[in-house]
Each structure stands twice: as structure tokens, then as C-alpha cells.
Amino acid sequence: MSRTLYQFHGGVHPEEHKQISTQLPIAVAPVPAQLIVPTRQHIGHPSKPCVSVGEYVRKGQIIAHADSYISVATHAPSSGTVTQIGTHAMPHPSGLVDTVIVIQTDGKDEWCERQPIDYRNLNASALRNRLRDMGIAGLGGAVFPSFIKLNPGVPQKVQTLLLNGGECEPWISCDDMTMRERANGIMAGAEVMRFMLRAENVIIGIEDNKPEAIAAMQQAAAQCTFPVEIAVIPTLYPSGGAKQMIKVITGKEVPSGGRSTDVGVATFNVGTAYAIHRAIHHGEPLISRVVTLTGNIQQPRNFDVLIGTPMNELVQLGQGHPEKVTGHIMGGPMMGIELARIDVPVVKATNCVLVKSDSLFPPAPAAIPCIRCTRCADACPADLQPQELYWFARAKNFDKAQKYNLFDCIECGCCSYVCPSHIPLVQYYRYAKSEIAANLAEHKAADHARDRHETRLARIEREKRERAEKLAQKAAAKPATETAADDPAAAAKKAAIQAAIERAKANQAATQPPNEPT
Amino acid sequence: MTSSPYITQPTSVSIIMLKVMLALIPAIIAYVWYFGPAILVSLTLASITALVLETAALKLRSLPVKPYLMDGSALVTAWLLALSIPSIAPWWLIVVGLFFAIIVAKHLYGGLGNNLFNPAMVGYAILIISFPVPMTHWAAPSILAGHQLGLMESVQYIFNGTLSDTLDAISTATPLDTLRTQLHLNRSVGEITHMPIFGTFGGQGSEMIALFILLGGIYMWLARIITWHIPVAFIAGLATISGIFYIVDATHYASPWFHLATGGAMLGAFFIATDPVSGATTPKGKIIFGAGIGILTYLIRIMGAYPDGVAFAVLLMNIAVPLIDSYTQPAVYGHKDKQS
Ligand code: SF4
Ligand code: SF4
């Protein structure tokens with residue numbers, strides 16, 4: 001049985017370069033002398049350290065607790081002594097720093113007590129909390145805490161559990177190798193996820209350029225106690241994007257601004273399924289992941305790397321560089337980020353470290369004007385008109401850019417890739433998005449300030465009025481005791497007080513915005 | 001620090017323009033075969049003039065000359081204009097036409113990518129309005145002329161205007177002109193098209209050039225330089241409207257075949273209307289744009305004062321592009337259900 005597949009608009013076919021890193025099996029990277037473990041490796045709040053400097057920790061031990069709803073725990077990737085809780089550069093294009101826990105490893109790699117989870121006999125929310133405390137977050141790129149997505153929702157919203165083995169970015173092969181070598185584990189994880197979501201069907205989407213992975217997964221699927229469908233999809237970047245894969249497999253489009261569950265699908269990366277399997281069946285938190293080391297490197301290969309391993313140490317496992325190194329990308333060439341420094345740690349989002357050289361990644365030729373050839377629009381998987389967005393972004397016409405759905409851009413890079421004028425289009429969209437976000441924030445701040453200012457003015461006015469009224473009352477009380485009610489001086493005084501009250505009232509009315517209730 | 005993506009396709013504007021020129025070569029060879037080598041002289045003259053004008057404009061605007069000159073757009077404009085006007089036209093006609101095309105229509109509007117109008121067609125329109133006489137002296141097809149201008153003769157003729165004694169022998173009106181004037185003499189289309197200037201579909205020789213332009217166009221489509229939308233819509237528009245008139249009254253209106261095979265129809269459909277800069281950009285918009293040019297070309301041909309309608313049809317539709325584009329925006333991913 002093969003399913004009818006659908007097409008998403010656009011897409012491109014960059015050269016794959018995947019072969020070179022799939023020649024050798026996944027190797028376990030050695031434990032580095034020092035692990036730099038960030039407390040935030042996921043979308044959301046950083047976890048809160050619960051160890052102190054000098055403390056001895058064992059492999060798999062929680063070193064920072066989840067600190068809010070959108071957060072997961074952090075664990076010691078190996079045994080050793082905490083030497084520092086401070087800040088360190090993150091794998092981020094601007095070399096951002098974040099809180100890290102540094103562990104001096106002792107080489108024993110000694111586990112803490114591991115307790116498999118009897119997931120079928122645990123209540124749903126307790127089970128989700130266990131996954132949170134196991135540090136499980138999506139390994140596909142967005143790194144969203146998985147336990148949040150593993151909530152079936154009320155009413156039941158998820159019919160389909162979709163595991164994403166698309167891996168459409170050139171050079172990267174970590175999911176491919178994981179599927180080849182760990183297919184049964186992925187299925188075991190899928191079973192847990194299926195149970196949690198109460199999903200009706202399980203589909204695993206794999207691009208057809210990974211025949212070995214497809215075969216391995218099919219074999220594993222055959223042994224499953226529940227039905228799993230392996231959907232082989234055409235190789236076309238970015239079919240590994242969640243929205244694109246949902247379209248290819250189900251024909252449905254995730255509504256703009258919505259989530260995949262809106263069309264009844266929950267998507268997870270295959271690596272996440274494997275991590276869940278390790279957590280449930282072996283009691284192992286997420287402390288390592290498969291990373292592709294490739295590009296300008298003597299021996300490209302996939303490594304199972306402890307989170308917190310400094311990338312420069314990982315790069316050394318590639319046994320040197322044939323050419324001059326011109327930089328390092330975390331992720332693939334289409335959506336990855338260029339690292340400002342290479343001493344940053346491997347995090348849960350690190351699927352690939354791509355070493356650059358000029359011959360592999362020649363610098364783009366200088367941009368010339370847009371000739372409106374619409375190659376970009378033809379390639380855009382979001383059906384946008386990139387040439388118009390570019391024009392609006394350049395002209396700082398952000399309203400128009402938003403009207404042309406700038407925020408539906410997934411920054412896949414297809415448009416920049418095909419542009420014959422070599423315009424760095426995606427950079428313009430990032431710039432426009434950040435400008436809009438900044439304007440919005442400024443607006444909010446201004447609103448806030450105005451509100452505060454108005455409240456203050458209103459308070460001053462109220463106090464003034466109250467004072468005036470008190471005064472008036474006093475004054476009014478006086479003539480009554482003085483009997484001479486028609487004393488002209490008293491009447492004049494009373495009139496003056498009355499006038500003052502009126503003035504105060506008028507003043508107050510003026511400071512109140514007309515369209516707001518008084 | 002750069003940002004993703006870190007790879008690009010090896011295409012570039014220069015490569016695209018080069019392929020456009022490559023696609024024209026078979027038609028140019030056919031041109032030489034049927035009308036003599038004068039076209040080579042005018043193409044060379046046009047190329048040199050365009051490069052000089054482009055360089056001057058870039059220098060005046062203090063833009064880097066080399067990368068911009070290398071984009072090839074000026075050469076394409078030059079070739080399209082040279083192919084649109086008589087190959088034996090005096091040298092200054094090309095120079096004036098290209099001046100308006102490159103300096104006025106392109107650089108005064110902000111250079112590559114910013115021109116609202118198709119530069120080659122602006123040049124053509126200015127020439128036909130200002131110098132109608134030399135613009136209608138076309139080389140006669142070799143089979144009819146008896147004497148074909150050789151290369152040196154062509155140079156002499158284009159630059160000096162001499163050889164005037166043989167002028168009648170070598171120049172003639174185009175089939176479109178002939179049809180128009182003969183119709184005024186109350187002849188029927190059937191009679192007219194039996195005159196020697198006409199070939200099987202269009203004109204002697206020119207219909208073969210049209211065929212090679214069509215082949216070049218198909219190559220451009222296969223090479224993904226153009227999409228099918230504009231040429232197909234153009235041809236469908238021109239064929240439909242001429243077909244309707246033809247069915248209603250075949251004695252006064254020529255067949256769709258004739259209209260497709262003569263004048264600038266094929267060049268217009270594949271090489272001129274497909275100019276990305278001044279054309280519509282959305283898929284639906286391209287269809288409206290192409291069909292509009294096809295229909296207007298026909299209407300101008302049968303009702304207007306000029307022999308061919310392609311240039312004015314293109315310019316008119318250029319005006320409508322912003323409107324067409326803004327009303328034909330395709331639905332964005334995730335917005336489709338809301339729209340339907
Ligand atoms: S691909 Fe480049 S040149 Fe072509 S329309 Fe898009 S931005 Fe312009
Ligand atoms: S980066 Fe944005 S605009 Fe460009 S192709 Fe991808 S989704 Fe479309």
C-alpha cells in the first residue's frame with residue numbers, strides 16, 4: 001500500500017553531499033575534559049541550577065530544574081565536579097552568552113541511578129512531567145519541550161503522529177544514520193508517543209534519497225505491535241520542514257499562525273522519538289545526541305556527542321582539514337547559523353557542524369539589482385512573493401511587507417538560493433521581521449508609559465479636586481454658622497470656590513482621553 | 001559574518017541573458033539566409049552602441065561598471081531592438097533608438113530592475129513615431145529581390161545611405177503593411193495573400209524566422225529561463241481574437257496563422273513580453289499580461305495607424321502591471337482555506 005502524496009509549492013534541489021558522512025557508522029565521541037552545559041537549550045525559560053560549585057555530579061543527574069511551564073530540566077552529561085556556574089558564549093550567530101554549568105569530568109563516566117518508566121501505568125500528566133524532568137526537547141531544530149506537545153488536548157485533537165525523517169538539508173545525515181542504526185529504538189519511542197497522544201495512526205516521513213534508512217525503518221515497522229506507515233517522499237528541499245511534510249503527506253495546510261495540531265497532526269523528529277525511548281525504557285535523560293561532522297574535514301562522520309562538548313573538540317575528531325577553514329556552520333548550508341566562535345558547546349539543537357572552505361562554500365558574488373524574474377517566487381515553499389517582500393523591506397515599508405505575509409516566511413533560504421542577482425533575500429526578511437518586532441515592543445513600551453503617565457495625571461487631578469471640594473465644604477459650612485447668609489463677601493468667596501471646583505473638573509476632563517470612560 | 005543560506009545556484013543574470021541571446025541565434029542565421037547579412041551589421045552596431053551607452057550611464061551614475069555591464073541586459077535590449085527594426089535602416093536610427101531605450105527608458109528610471117517599460121519597445125515606439133519612413137524600409141526577401149546586399153554593401157548602405165538606385169530592388173513593405181494597404185484598395189484577403197511577398201503562413205522568409213524564434217522560445221522554456229505563461233497566453237490571445245474575426249469575415253480579416261507568423265508576434269511572445277523587469281510577475285498575472293498583449297497587438301494591427309502592434313501592446317500592458325500584480329497575488333501557505 002502506498003499513499004497518495006501531495007506537493008507543496010516551490011522547493012529547490014541543492015547538491016546533497018550527504019554520502020560523505022554516511023560511510024562510517026555513528027561513533028561515540030570521547031568525553032571531553034570539560035563539559036559546558038547551557039541551562040537553556042530549548043525554546044522557553046532556562047532551567048534553574050540546583051547544584052553548586054565544587055559539587056560532584058554523576059552522569060544523568062539533574063543539575064538544573066525546569067523553571068516554568070515552557071522549560072525542561074538539564075542533566076550532567078558525564079560524571080565530574082561542577083567548577084563553574086556562570087555565563088559562556090552560545091552557538092548563536094551573534095555570539096550571545098547564556099548561563100552554563102561547567103563540569104570538570106573525571107573520566108569515569110559514572111551513571112546515577114537509572115529508573116525505567118512504567119509509562120502505561122502512570123497518569124498522563126505525571127508521565128509528561130517525567131519527560132520534562134528527563135530534559136526531552138525536540139531534536140529537529142526548533143527544540144520545543146516535547147512534553148508540551150505530547151498532550152492530546154481536550155477534545156482529542158491529534159489523529160496522526162508524524163515522525164519527521166525528512167532531513168532535507170544538504171550535508172546533514174544524523175537522522176539518516178539514526179534511522180539506519182536505531183530503527184527499533186525509534187519505533188519504541190513512537191509507541192510511547194502514540195500512547196500519550198492517543199493517536200490513531202503513526203506515519204514516518206523519509207525522503208527517498210535515504211534508501212538504507214527506509215529499509216531499516218520498514219524492517220522495524222514490520223516488527224511493531226502497532227501499525228506504522230513509512231511514507232517515502234520525494235527529495236526536495238524543504239520537505240523536511242514540518243509544514244511542508246504535513247502538506248506532502250496529508251495534503252493539508254497548517255493555517256497561518258496556527259500549529260500542526262490544528263490539522264490533527266503532531267510532528268516530532270525521529271531523533272526525539274529515540275530520545276524518548278531511552279528516557280522511558282532505560283531511564284536515561286537527554287544528555288547526548290547524534291551530530292554530523294562534515295564539510296571541509298578529513299573524515300566526515302556522525303558522532304554521538306555529549307551535550308556540552310566544546311565544538312572545537314568535536315571538530316578535532318574529523319582529523320584535520322584538507323583546505324583552509326573559512327568558518328563553521330551549526331546546521332546545514334540553507335538554514336544553519338555561522339558560528340562567531342568555535343569554543344561554544346554542542347547543544348540539543350546541534351544536528352550538524354559544517355566546516356567551511358572557499359571551494360565548498362565560495363562567497364556569493366556581489367548582489368546586483370532584482371530583475372523581477374520571480375525565480376524566488378517559483379521556489380518559495382510558503383507561496384510568498386519574495387521579490388515584493390524584498391522591495392518592501394528595502395523601502396522600510398513594513399506595513400506592506402506584513403500585508404504580503406512576511407511572517408509566513410519560514411526562512412528556508414530557497415529564494416536566496418535561486419536568485420540570479422545573488423540578493424541575500426533572507427537577510428532582508430530577518431531584518432524586516434526584527435524591525436517590526438522592535439517597533440511593536442517600542443509601541444508597547446510607549447503605551448505602557450502613556451498609561452502610567454495618564455494614571456499619574458488622573459491621580460494628581462483627583463487629589464486636587466478632593467482638596468478643592470474639602471475646602472469648599474469647609475467654606476460652605478462657615479456661612480451657615482455665621483448666620484449672615486447674604487453677606488456679599490461670603491457670597492463672592494463661595495462663588496470663587498465654586499469656580500475653582502469647576503476649573504478643576506474641566507481640567508480633569510481635558511486630561512482624560514475622550515474615547516475612554518471617565 | 002554572513003547569514004544563511006551559504007550556497008547559491010550557479011545561475012546569474014549574465015548567464016540568463018547569455019542564454020536569451022543564444023536562443024536568438026538560429027533565428028538570426030535564418031534572417032541572414034533569407035534577407036542577407038545586413039542584420040549582422042545592424043546587430044554589431046547595436047551591440048557596440050548599447051555597451052557604450054550603458055557604460056556611459058553607469059559612469060555618470062557612479063555605479064561599478066564591470067558587474068553591471070556584465071549582466072548582459074543592455075546587449076539583449078540591443079539585439080531585440082535591432083531585430084524589431086529594418087536591418088537596412090540607417091545607422092543613426094539604431095543609435096537614437098538605443099539612446100531612448102537605455103538612457104531614457106532604463107537609466108532615467110533607476111537602471112536595471114527599475115524600468116516600468118520594456119526598454120527595447122520604448123526605443124522602437126520612439127523611432128516609429130519620429131521616423132516612420134526609414135522604419136518601413138525593410139529588406140526584401142532574397143528570392144524576390146533578385147539582388148541581395150552583401151556584407152560590405154550592407155555596411156556602406158547602412159552608414160552612407162548610398163546605393164539608392166538599387167533601393168527599390170532591395171527594400172519592400174512587410175506582409176503586414178501590404179495587407180493593410182491592399183485591404184484599403186478593396187481587395188480580399190484571399191487575393192492579397194497570393195501576392196509573392198506572402199509565404200505559406202506569413203511572409204516569404206519571415207515566417208521561417210518566426211519558426212526559428214519559436215524554437216528558440218521553446219529552448220528558453222526548457223532551460224527554465226522563461227515560464228510558459230506569457231508566451232502561451234500571448235499566442236492564445238492573438239489567435240483567439242484573430243480567429244473570431246477570421247471566422248466572421250474571412251475576406252477582410254487574415255487568418256490566425258498569418259497573424260502569428262508575421263511581424264513581431266513570435267519575437268514579442270517569447271523574447272519581448274517575457275522581459276521580467278517590466279512584465280507581470282504572478283502566474284495568473286502573467287497570463288493576463290500575455291493575453292492582453294496578444295489581443296492589443298491584433299487590435300492595433302487592424303485598427304491602429306502603425307504597421308505592427310506588438311510594441312504598443314507591450315507598452316500599454318506595462319502600464320497595467322502593478323495593478324495586475326496586486327490583484328493576482330497567489331494564496332500564501334496556510335491562508336488558502338480562508339480565501340476559498
Ligand atoms: S530571484 Fe532575485 S532577481 Fe529574481 S525576482 Fe527574485 S529577487 Fe528578483
Ligand atoms: S526564505 Fe521565506 S520568502 Fe524565501 S523562499 Fe523561504 S519562505 Fe519563501
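Proteins come first, then strands; the chains are lettered A, B, ... in the order of their sequence lines, and each starts at number 1. Values in this document were obtained by computation on a predicted structure and should not be read as measured data.
- Between A/Asp378 and B/Arg224 the shortest side-chain heavy-atom distance does not fall below 4.5 Å.
- With a 4.5 Å cut-off on non-hydrogen atoms, B/Thr227 touches chain A through its side chain but not through its backbone.
- Proximity to chain A (any heavy atom under 4.5 Å) is restricted, for B/Asn114, to the side chain, taken from C-beta onward.
- Legend: residues meeting side chain to side chain donor-acceptor pair (under 3.5 Å) with A/Lys247, ordered by chain and number and at least two apart, are A/Glu253.
- For B/Ile16, the part lying near chain A is the side chain, with the backbone staying farther off; criterion is any non-hydrogen pair under 4.5 Å.
- Looking at A/Pro424, neither its backbone nor its side chain comes within 4.5 Å of chain B, counting heavy atoms on both sides.
- Contact of A/Ile329 with chain B is made through the side chain alone, with heavy-atom distances under 4.5 Å.
- Both the backbone and the side chain of A/Val418 come within less than 4.5 Å of a heavy atom in chain B.
- In this structure B/Ser278 satisfies the side chain to side chain donor-acceptor pair (under 3.5 Å) test together with B/Asp275, sequence neighbours excluded.
- For chain B, the nearby parts of A/Lys243 are the backbone and the side chain; heavy atoms of each come within less than 4.5 Å.
- In this structure, the side chains of B/Met17 and A/Pro420 stay at 4.5 Å or more apart for every pair of heavy atoms.
- Distance alone, capped at 3.5 Å, is enough to place a donor-acceptor pair between the B/Tyr6 side chain and the A/Gly336 backbone.
- Of the two parts of A/Glu388, only the side chain, counted from C-beta on, holds a non-hydrogen atom closer than 4.5 Å to a non-hydrogen atom of chain B.
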Q. Please walk me through it: do B/Ile7 and A/Glu15 pass side chain to side chain contact (heavy atoms under 4.5 Å, CB included)?
A. CA-CA 10 Å; B/Ile7 45 175; A/Glu15 254 186 85; over 6 Å; no
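- Between the A/Tyr404 side chain and the B/Gln329 main chain, no donor and acceptor come within less than 3.5 Å of each other.
- For A/Cys370, the part lying near chain B is the backbone, with the side chain staying farther off; criterion is any non-hydrogen pair under 4.5 Å.
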